[in-house]
Engineer: 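One structure coming up, written as structure tokens, with questions to follow.
We count residues from 1, following the sequence as given. Just follow the structure's listing: the first ligand is 1, and inside any ligand the first atom is 1. Scope of the values below: all heavy atoms of this structure, side chains included, with no hydrogens, waters or symmetry mates.
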Amino acid sequence: MRTMARGNIHEVLPKLDEKYGPLCRIGPNYLLLGDLDELLRTNSFRGGMGRSDWFCNMRFDWTGDGMASMLGTAEHDARKAILLRAYEGRGEVNLERLMDSQLEKLISLIREDCLDKVVDWAALSRWFSLDIATLATMGRPWGSMDSRSDLHGFFQVADEVVPFMHTITTLAAARKITANQLFLRLLGPKRTDKTGIGKFMEGLAQADCDQEITMAAIAGADTSAIPIRVAILYITSTPYVYNKLKAEIAEGIKSGKIPSPIMLQEARSLSYLQAVLYEVFRILPGTSTVFAKRMNPGGDIICEYKMPEGTDVYPNMVALVRNKAVFGDDVEVFRPERWLGKTAEERLYMEKHIDMLFGHGRFMCPGKTLAWLELNKIFVEILRNFDVQIARPQRPWTMRVYSTLVISDLPVRFTEGKPGA
Ligand code: HEM
């Protein structure tokens with residue numbers, strides 16, 4: 001709990017892996033696991049583990065559980081089967097068209113309000129992501145970009161509550177209190193709240209007023225905004241990467257390969273863009289160690305050690321993407337080239353490490369399709385229109401890492417900058 005409270009757990013996790021190997025004991029009945037193959041196995045549909053009671057942390061409504069906080073495997077599977085169709089944009093919903101409408105809004109917002117000024121990309125990117133997540137899941141954007149603000153203090157409350165909750169709930173005893181019905185009824189978000197998550201719930205139409213939509217917004221807004229901020233900082237701080245990416249976009253536009261707006265299919269064919277995106281996830285994963293799974297009755301053999309039933313296994317996401325045997329000795333450096341010139345097999349193995357950051361098997365993030373769509377499009381649309389500069393290089397942002405990354409205060413300056421112009 002002390003390590004989590006310091007807000008720098010991303011520095012501690014790879015050291016534990018280096019010192020003790022991919023499996024290490026971090027508390028009574030708690031293990032930390034940084035081995036890809038074992039993570040894939042223990043999270044798989046067949047023979048995988050179930051959720052630990054860490055998932056009570058995802059409970060925010062005293063009236064009951066949503067998909068994200070259900071502990072029973074059968075109950076969770078059944079709810080997820082229903083919701084996945086909507087999340088992945090199957091059926092009526094065209095996720096790409098929804099995304100394009102918000103991208104157009106973002107580009108207009110930058111052109112109208114942000115050019116030649118210093119603006120906070122940490123705020124702007126999360127307004128964009130929250131509008132996308134709500135548009136995709138409830139059919140209309142939350143309206144952050146239109147209002148140019150943290151509407152109803154949604155993020156302010158999240159920023160204050162998440163680090164605190166993730167720190168104290170590393171203790172199982174604290175989880176018993178915070179997930180308790182009475183605690184949530186008294187102190188959890190309420191539809192009558194003037195700000196934050198409760199205000200969000202109140203803002204939904206009665207028929208929609210359901211935990212699943214609220215959870216989608218909570219789970220979907222900042223998670224996608226994290227790589228969007230990390231990318232802007234690392235790309236702009238690495239001039240050769242910035243220039244190469246702009247050149248790839250310029251070439252794509254000139255040859256007619258990149259329409260406006262870019263479609264997912266074309267974005268996937270831009271090899272440098274793909275290398276940059278994977279490297280962004282690798283250099284600073286959005287989650288550090290969360291979503292613990294619990295060993296089934298009878299226990300399990302894990303990394304060749306026999307472990308008793310009821311043991312909780314936390315993924316070591318940072319060790320996973322700092323594996324020198326897979327990514328090379330310079331794992332601390334932002335270098336998209338490490339993804340290029342590989343055999344198909346090598347590349348696939350590297351990509352599986354990044355895929356694991358979204359979870360696996362029955363636990364895989366339902367917003368993964370949406371998040372990749374967002375990332376594949378946003379940088380092409382920004383860099384085909386503008387140049388971006390970090391406005392305070394001596395202290396570019398404030399970043400703390402608990403279970404998830406908390407990034408704030410990232411001042412940038414946009415100027416008109418069509419590639420090749
Ligand atoms: C870069 C972006 C994202 C990352 C890295 C990410 C990562 C994750 C991870 C690691 C999990 C838990 C896996 C486990 O239990 O083992 C998860 C679950 C979840 N994510 Fe995401 N996520 C992202 C974006 C999104 C978006 C955009 C949405 C919604 C629009 C979303 C909605 C959810 C929900 C609802 C769950 C709970 C799933 C369940 O109950 O099975 N996520 N995500």
Engineer: Is the Phe358 to Phe363 ring centre distance short of 6.0 Å?
Structural biologist: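 No.
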
Engineer: Looking at Met263, is its backbone amide N or carbonyl O close enough to the side chain of Glu266 to form a donor-acceptor pair, meaning the two atoms are under 3.5 Å apart?
Structural biologist: yes

Engineer: Taking the six-membered ring for Trp and the single ring otherwise, decide whether the centroids of Trp339 and Phe281 are under 6.0 Å apart.
Structural biologist: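 So the answer is no for these two rings.
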
Engineer: Examine the side chains of Ser144 and Asp131 and answer whether a donor and an acceptor come within less than 3.5 Å of each other.
Structural biologist: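 Result is yes, a qualifying pair exists.
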
Engineer: Does a side-chain N-to-carboxylate-O contact under 4.0 Å join Asp312 and Arg294?
Structural biologist: yes

Engineer: Distance alone, cut at 3.5 Å: any donor-acceptor contact between the side chains of Tyr242 and Gln389?
Structural biologist: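 Short answer, no.
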
Engineer: So what's ligand 1 close to, N/O to N/O, under 3.5 Å?
Structural biologist:
{"from": "ligand 1", "atom 1": "16 (O)", "to": "Lys293", "atom 2": "NZ", "distance (Å)": "2.6"}
{"from": "ligand 1", "atom 1": "40 (O)", "to": "Arg51", "atom 2": "NH2", "distance (Å)": "2.7"}
{"from": "ligand 1", "atom 1": "40 (O)", "to": "Met67", "atom 2": "O", "distance (Å)": "3.3"}
{"from": "ligand 1", "atom 1": "40 (O)", "to": "His76", "atom 2": "NE2", "distance (Å)": "3.1"}
{"from": "ligand 1", "atom 1": "41 (O)", "to": "Arg51", "atom 2": "NH2", "distance (Å)": "3.4"}
{"from": "ligand 1", "atom 1": "41 (O)", "to": "His76", "atom 2": "NE2", "distance (Å)": "2.6"}
{"from": "ligand 1", "atom 1": "41 (O)", "to": "Lys80", "atom 2": "NZ", "distance (Å)": "2.7"}

